[in-house]
S.K.: 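Below is one structure. I have some questions about it.
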2 protein chains.
Amino acid sequence: MNCFKIKLKNMEAFKQELTDKIQLLKKKGVVLTTPRLIILEFLVSNRIHPTAEEIFNALKKKYPSISQASIYNTIKLFVKLGIVSELFVEKERARYDINTTPHAHFKCLKCGKVYDVKKPLPQMEEIEGHQVALTQIYFYGTCNECLKKAKRRE
Amino acid sequence: MNCFKIKLKNMEAFKQELTDKIQLLKKKGVVLTTPRLIILEFLVSNRIHPTAEEIFNALKKKYPSISQASIYNTIKLFVKLGIVSELFVEKERARYDINTTPHAHFKCLKCGKVYDVKKPLPQMEEIEGHQVALTQIYFYGTCNECLKKAKRRE
DNA sequence: GTATGTGCAAAACCTTTGCAGGTTA
DNA sequence: TAACCTGCAAAGGTTTTGCACATAC
């Protein structure tokens with residue numbers, strides 16, 4: 001394991017989270033196959049809200065036999081099990097987030113990066129008579145890195 | 001015009017909105033072609049957040065020569081001009097909304113319907129150092145109609 | 001050993017594009 | 001008339017599917 005570069009100070013937290021998620025899969029009776037384990041490890045260690053394609057490209061370097069179908073099957077399973085959130089932050093393709101605690105996302109329209117929004121936003125269980133099970137909040141604009149770059153150029 | 005069923009009491013508002021939008025297009029120097037006019041009329045009179053396909057299927061009944069390309073071109077133009085909002089409320093396809101004032105959406109996971117949320121939600125111009133230009137809020141769950149149906153069955 | 005999952009390739013689906021011909025102003 | 005737009009068909013990109021083989025427990 002630990003195929004992906006992680007800052008040493010986060011190593012313990014990373015190991016713990018990976019162990020927790022694997023325990024959760026076992027508890028749910030999910031067969032622990034290689035694709036499932038390496039996709040899980042990738043998502044835990046790469047908080048970049050990757051697309052299916054990005055996961056596939058990253059993993060086939062160390063596991064050349066993996067197929068796109070396995071990526072899609074596994075992600076779909078993880079989403080169904082509730083251990084991964086599916087983000088519709090852009091029209092082109094879905095992005096995935098191992099952090100399933102409710103939080104908003106910010107997408108930079110300049111560099112394309114997707115950020116987590118840490119600030120907790122109000123949650124609602126009901127709105128205008130509809131029963132709310134899930135809330136997705138997306139902000140779009142210019143990220144602080146791109147704002148800094150633009151200022152430096154002035 | 002008035003090809004689509006509209007409640008009589010809303011007729012005046014409908015006519016006014018359609019006229020306003022046409023004036024806006026003219027002001028922006030947009031050539032008023034048949035596909036553009038009938039798509040605009042469809043969106044003004046059908047507040048169902050349709051997909052490109054739904055627009056196409058509805059319009060080809062009265063205008064059989066219309067092509068998918070025209071639907072996509074026109075919608076893309078309307079989105080660029082800011083007279084239509086593009087919703088990423090589901091992964092499968094984009095949905096479109098002629099109401100461009102900021103408001104959230106609720107999608108029913110039972111019946112699939114997409115509702116406008118009238119209640120104004122807090123707007124932000126900046127979040128965690130990022131400059132916000134656009135906010136999209138999607139709620140998912142069970143709509144009040146489906147809740148009522150479920151209760152009736154009990 | 002058996003149920004379940006994988007990998008491959010092809011298909012399905014949504015959206016975009018190139019271009020010849022048609023329409024708008 | 002000149003610029004622009006449409007319709008058609010094909011292509012592009014993402015995701016799903018069918019099936020024989022492989023793997024986990």
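In this text, all values refer to a predicted model and were calculated from it rather than measured experimentally.
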S.K.: Of the options C:dC8, D:dT14, D:dT16, whose atoms approach the side-chain atoms of A:Ala69 most closely?
M.R.: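 When the side chain of A:Ala69 is considered, C:dC8 is the closest of C:dC8, D:dT14, D:dT16.
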S.K.: Roughly, in whole Å, what's the span from CZ in A:Phe56 to P in C:dT6?
M.R.: 14 Å
S.K.: Quick one: is C:dG5 close enough that its OP1 or OP2 comes under 4.0 Å of any side-chain N or O from A:Thr33?
M.R.: no
S.K.: Identify which nucleotide among C:dT15, D:dT15, D:dG7 has an atom closest to any side-chain atom of B:Tyr63, counting heavy atoms from C-beta outward.
M.R.: D:dG7
S.K.: Can you measure A:Gln68 atom CD to C:dA11 atom C1' for me and round it to whole angstrom units?
M.R.: 14 Å
S.K.: The side chain of A:Pro35 is closest to which nucleotide in this list: D:dT15, C:dA25, C:dT6?
M.R.: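 Between D:dT15, C:dA25, C:dT6, the one nearest the side chain of A:Pro35 would be C:dT6.
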S.K.: Which residue, B:Val31 or B:Ile66, contacts DNA chain D at a nucleotide closer to its 5' end, judged by nearest heavy atom?
M.R.: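 Mapping each residue to its closest nucleotide by heavy atoms, the 5'-most match is B:Val31.
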S.K.: Whole angstroms only, please: what is the CD-P distance between B:Glu92 and D:dT14?
M.R.: 16 Å
S.K.: Kindly state whether the ring of A:Tyr115 and the ring of B:His130 have centres lying under 6.0 angstrom apart.
M.R.: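 Yes, they do, as the ring centres are separated by less than 6.0 Å.
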S.K.: Does a nitrogen or oxygen in the side chain of B:Tyr72 sit under 4.0 Å from OP1 or OP2 of C:dT16?
M.R.: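 For C:dT16, OP1/OP2 do not have a side-chain N/O of B:Tyr72 under 4.0 Å.
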S.K.: Exactly one of B:Thr100, B:Val30, B:Ile83 should register a side-chain contact (heavy atoms from CB on, under 4.5 Å) with B:Phe78. Which one does?
M.R.: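 Exactly one pass, corresponding to B:Ile83.
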S.K.: Output the single nucleotide from D:dT6, C:dC8, C:dG5 whose closest atom is nearest the side chain of A:Ser67.
M.R.: C:dC8
S.K.: Mind calculating the distance between CZ (A:Arg95) and P (D:dG13) to the nearest angstrom?
M.R.: 16 Å
S.K.: It should be established whether A:Lys91 places a side-chain nitrogen or oxygen under 4.0 Å from OP1 or OP2 of nucleotide C:dT16.
M.R.: yes
S.K.: Would you kindly give the CD-to-P distance between B:Glu54 and C:dT15, to the nearest whole Å?
M.R.: 11 Å
S.K.: Report the distance from atom CG of B:Asn57 to atom C1' of C:dC13, rounded to the nearest whole Å.
M.R.: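 Distance, rounded to whole Å: 14 Å.
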S.K.: Has the side chain of B:Lys28 got a donor or acceptor atom that lies under 3.5 Å from a matching backbone atom of B:Leu81?
M.R.: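 Looks like yes, one N/O pair under 3.5 Å.
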S.K.: What nucleic acid atoms does B:Ser65 come within less than 4.0 Å of, heavy atoms only: base, sugar-phosphate, or nothing?
M.R.: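 Sugar-phosphate contact only.
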S.K.: Looking only at the side chain of A:Arg36 (C-beta and beyond, no hydrogens), which of the listed nucleotides D:dG7, C:dG7, C:dG5 gets closest?
M.R.: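 The nucleotide sitting nearest to the side chain is C:dG5.
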S.K.: Please state how far atom CD1 in B:Ile71 lies from atom P in C:dT16, giving the value in whole angstrom units.
M.R.: 13 Å
S.K.: Looking only at side-chain N and O atoms, does B:Glu86 offer a donor or acceptor that is under 3.5 Å from a partner on B:Tyr96?
M.R.: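 Judged by distance alone, the side chains do pair up.
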S.K.: To the side chain of B:Lys76, which of D:dT6, C:dT17, D:dC25 is closest?
M.R.: C:dT17
S.K.: Report, as yes or no, whether the 6.0 Å neighbourhood of atom CD on B:Gln123 holds more than 12 heavy atoms from other residues, nucleotides or ligands.
M.R.: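 Correct, the count exceeds 12.
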S.K.: By nearest heavy atom, map B:Arg93 and B:Thr34 onto DNA chain C; which one lands nearer the 5' end?
M.R.: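 Comparing both residues, the 5'-ward one is B:Arg93.
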S.K.: What is the distance, to the nearest angstrom, from the CG atom on A:Asn73 to the P atom on D:dT14?
M.R.: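 Distance check: A:Asn73 CG to D:dT14 P gives 18 Å.
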